[in-house]
Every structure is written in C-alpha cells, then in structure tokens.
Amino acid sequence: MQQRIRRIAVNTGGGDAPGLNAVIRSIVLSSLRRGWEVLGIRKGYEGLFDTSKIMQLDRDSVRGITHLGGTILGTTNRNHPFEFPVQLPGEELKLVDRSDELVENFRRLKIDALIAIGGDGSMDIARRLGEKGLPIIGVPKTIDNDLSGTVVTFGFDTAVTVATEAIDRLHSTAEAHERVFVIEVMGRYAGWIALHSGTSSTADVVLIPEIPYQIEFVCDKIMDREARGRHFAIVVVAEGARPVDGEMVGKDQGAGREVLLGGIAERVALDIHERTGKETRTVVLGHLQRGGGPTTFDRLLALRFGAAAVRMVAEGKTNIMVALDPPTVLAVPLEVATERLKTVPLDCDTMLTARDLGICFGDGAWDG
Ligand code: F6P
C-alpha cells in the first residue's frame with residue numbers, strides 16, 4: 001500500500017546553478033496544494049546534521065524567487081556525508097562516514113521523502129542514501145550538463161547564453177586590435193559549454209576535454225585566417241581541455257574535495273603567441289556563467305522538474321531522478337544518472353555542425 005505523504009524535505013547541493021530557486025518554488029507550491037508540509041534543508045546535506053539549519057517553507061518563503069539566481073537554501077560542495085571531513089587538534093584531516101547519523105535524523109524528523117537538487121556528486125550521495133532506505137528523488141542541476149539520463153540539466157542554457165554574449169562582445173575588440181582572444185569557459189570534464197557557446201558565437205577554435213589538442217593545429221588555423229586577411233581570432237577553451245602531451249590545469253583543494261580546474265587559457269595564449277607572434281589576451285569567464293537569474297528555458301525546465309518530482313513522490317516513486325526526454329519529463333533510476341559522466345559524443349550533431357562550419361578542435365581534422 002502506498003504511504004500517505006505528510007511532510008517532505010528539499011535541499012540544494014554542489015555548485016549553484018541558475019534555476020535552483022524556480023525548482024524550490026515549484027516543489028513548495030505543488031506540495032502545499034496536496035496538503036503536505038515542506039522543510040528546507042540548508043546547505044546541501046549539512047542541515048540534516050545540524051537541525052537548526054532546517055527551515056519551514058511556505059507560500060511566503062517562495063514568493064518572487066522564480067527569476068532569481070543562487071538558492072534560498074544555500075548550498076555547498078563540501079561535507080560529503082559519506083566522507084565528512086573531521087579535523088581534530090593535532091591530527092591529520094580524517095574523512096568519516098556520517099551517513100547513518102543523517103538517515104537517523106531524517107527518520108526522527110518524520111520526513112516521508114527528500115527531493116535532492118544537485119549535480120553528479122549530489123546524485124551519487126542520493127543513490128547511496130537511497131540504498132540505505134532513505135526515500136529520495138533527485139532533480140538534475142548543473143551548468144556543466146554532464147549528468148547522464150537527462151537530455152539537459154537546468155543551468156546549462158544560462159551558462160551558454162552568458163558565455164555566448166561575452167564572446168560576441170570580444171569579437172569587436174579582437175578585430176580592432178588584430179589580437180587573438182582565448183576565452184576560458186567552465187564545464188569541468190565535459191566540453192558542452194565550450195562547444196555550444198563557441199559554435200553559437202562563431203569561434204575559430206574550440207578546445208574541449210574530449211579532444212586533447214595539438215597547439216600546431218590551432219596555430220595553423222590562426223595563420224590560415226591571417227593569410228586570408230582576417231587578422232584576429234577567437235579561441236574558446238573549456239577549463240578541462242588539455243594538450244595531447246600534457247595534463248589538465250587545476251588546483252588540488254585537499255582531501256575530500258574535487259580538483260578546481262582553471263588556468264588552461266593562459267597556457268594556450270602563451271603557446272599561440274610564441275608560435276605565431278600574434279598578440280594574445282585571455283578572458284576567464286568563471287562564475288559569471290553561474291551567477292544571476294536563469295534564462296526562460298532554464299526557468300521553465302526548473303519549474304517542470306520541481307512539479308514532476310512532487311508528482312513522483314505522490315505516486316510513491318523513490319530512488320529516481322527526474323529527467324528531460326523531450327517532449328516529456330520522466331523518471332530514471334539514480335544508478336543510470338550516476339553510472340558515468342555525460343561527455344560530448346564526438347559524432348553528435350552539434351560537433352558535426354561545428355566541423356562543417358570550419359571550427360578547429362586542435363586535432364588536425366580541420367581542413368580550412
Ligand atoms: O560544476 C559546476 C562548476 O561551475 C564547474 O564548471 C567548475 O569547474 C566548478 O563548478 C567550480 O567550482 P567552485 O564553485 O567550487 O569554484
């Protein structure tokens with residue numbers, strides 16, 4: 001028999017993405033209509049360890065937030081419940097499994113289901129908590145678009161829009177000064193943001209993690225333009241891109257934390273300058289791609305995901321993630337969502353389009 005729902009909880013985990021507030025609003029309003037109570041767990045899963053971080057969400061708490069960036073619940077990409085960092089004086093940092101404590105607190109609060117909004121890290125935590133018996137539904141968010149099981153995540157369209165607008169602006173200054181601009185975009189180990197923004201903004205070169213590049217091919221493309229009287233060039237580089245003979249550039253953030261990627265644009269720009277003599281400049285778009293409100297596409301997708309997650313709770317579904325499979329939103333098992341990172345397939349239509357447009361990926365397949 002299906003359990004009667006009285007109280008659900010919602011949290012937002014990992015890096016923020018435009019659209020989080022729209023999902024929260026959609027979850028809260030859809031739940032209140034059904035007579036359920038909604039608790040907001042602050043800062044990812046942290047609120048389940050410290051219950052002072054739990055807040056009641058009513059109609060007033062979600063008023064006027066659909067178009068706002070960030071998240072009213074706060075978020076974090078630290079403090080993984082299965083590898084919780086504990087620092088005792090005089091000892092090395094230890095990673096401790098606190099998941100049982102979390103499940104116990106969840107039961108004590110008499111929560112019937114948790115809707116966890118997050119990226120690959122949060123979905124993996126959700127899957128593992130689901131295996132411990134916690135009824136959980138995932139909602140996929142990330143600007144990186146690297147989650148399997150869904151055609152797209154909310155946040156991605158906004159990031160691509162911001163990046164495209166920025167690259168559009170750089171064209172005129174690049175042309176005026178006859179410079180090469182190397183623009184670094186986010187995306188971690190996937191090249192989606194670079195591919196979509198670079199193609200839309202008619203970049204000359206796009207470097208993505210899926211295709212280790214050779215700088216010679218990049219320079220050939222730039223010099224070919226030079227020979228045709230185009231004395232400037234736009235190079236879009238994903239933060240996870242790397243040369244065939246080199247590593248990704250990033251900073252180690254210590255135990256239990258992801259490597260923070262970034263800095264490859266400087267290397268690409270230096271290499272281009274040394275080989276072509278062209279004046280180069282770098283622009284790192286960074287968190288601008290994540291800040292601010294969501295595009296209409298992301299808003300609507302976020303609202304649809306939130307309402308779908310509530311319908312799924314009502315239907316008694318758990319251990320699933322809502323996913324976009326146009327034209328519908330459906331449920332996929334959390335294992336499907338987390339089994340592998342969704343990187344750019346090299347034979348996908350957008351890649352083929354970019355190649356047909358003459359965009360160079362630094363792999364020699366470019367032929368003018
Ligand atoms: O996953 C989203 C993302 O913005 C990545 O594109 C980027 O590598 C990372 O988060 C940056 O993390 P932080 O917010 O910790 O700087």
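Note that ligands are numbered from 1 as they come in the structure, with each ligand's atoms numbered from 1 the same way. Numbers here are sequence positions counted from 1.
Listed by chain and residue number, Arg127 satisfy the side chain to side chain donor-acceptor pair (under 3.5 Å) test with Asp124 (two or more places apart in sequence, or in another chain). Remark: Phe297 engages no residue in a ring pair (Phe, Tyr, Trp, His ring centres under 6.0 Å) (not counting sequence neighbours). Taking the ring pair (Phe, Tyr, Trp, His ring centres under 6.0 Å) definition, one finds that Phe84 meets it with Phe49, sequence neighbours left out.
With hydrogens and angles disregarded, a donor-acceptor distance shorter than 3.5 Å links the side chain of Lys278 to the backbone of His231.
Using a 4.0 Å cut-off between charged side-chain N and carboxylate O, Glu46 and Lys53 make a salt bridge.
Residues Met186 and Ile143 share a closest heavy-atom pair of SD-CD1, 3.8 Å.
Protein residues with any heavy atom under 4.0 Å from ligand 1: Asn77, Ile143, Asp144, Met186, Gly187, Arg188, Glu239, Leu260, His287, Arg290.
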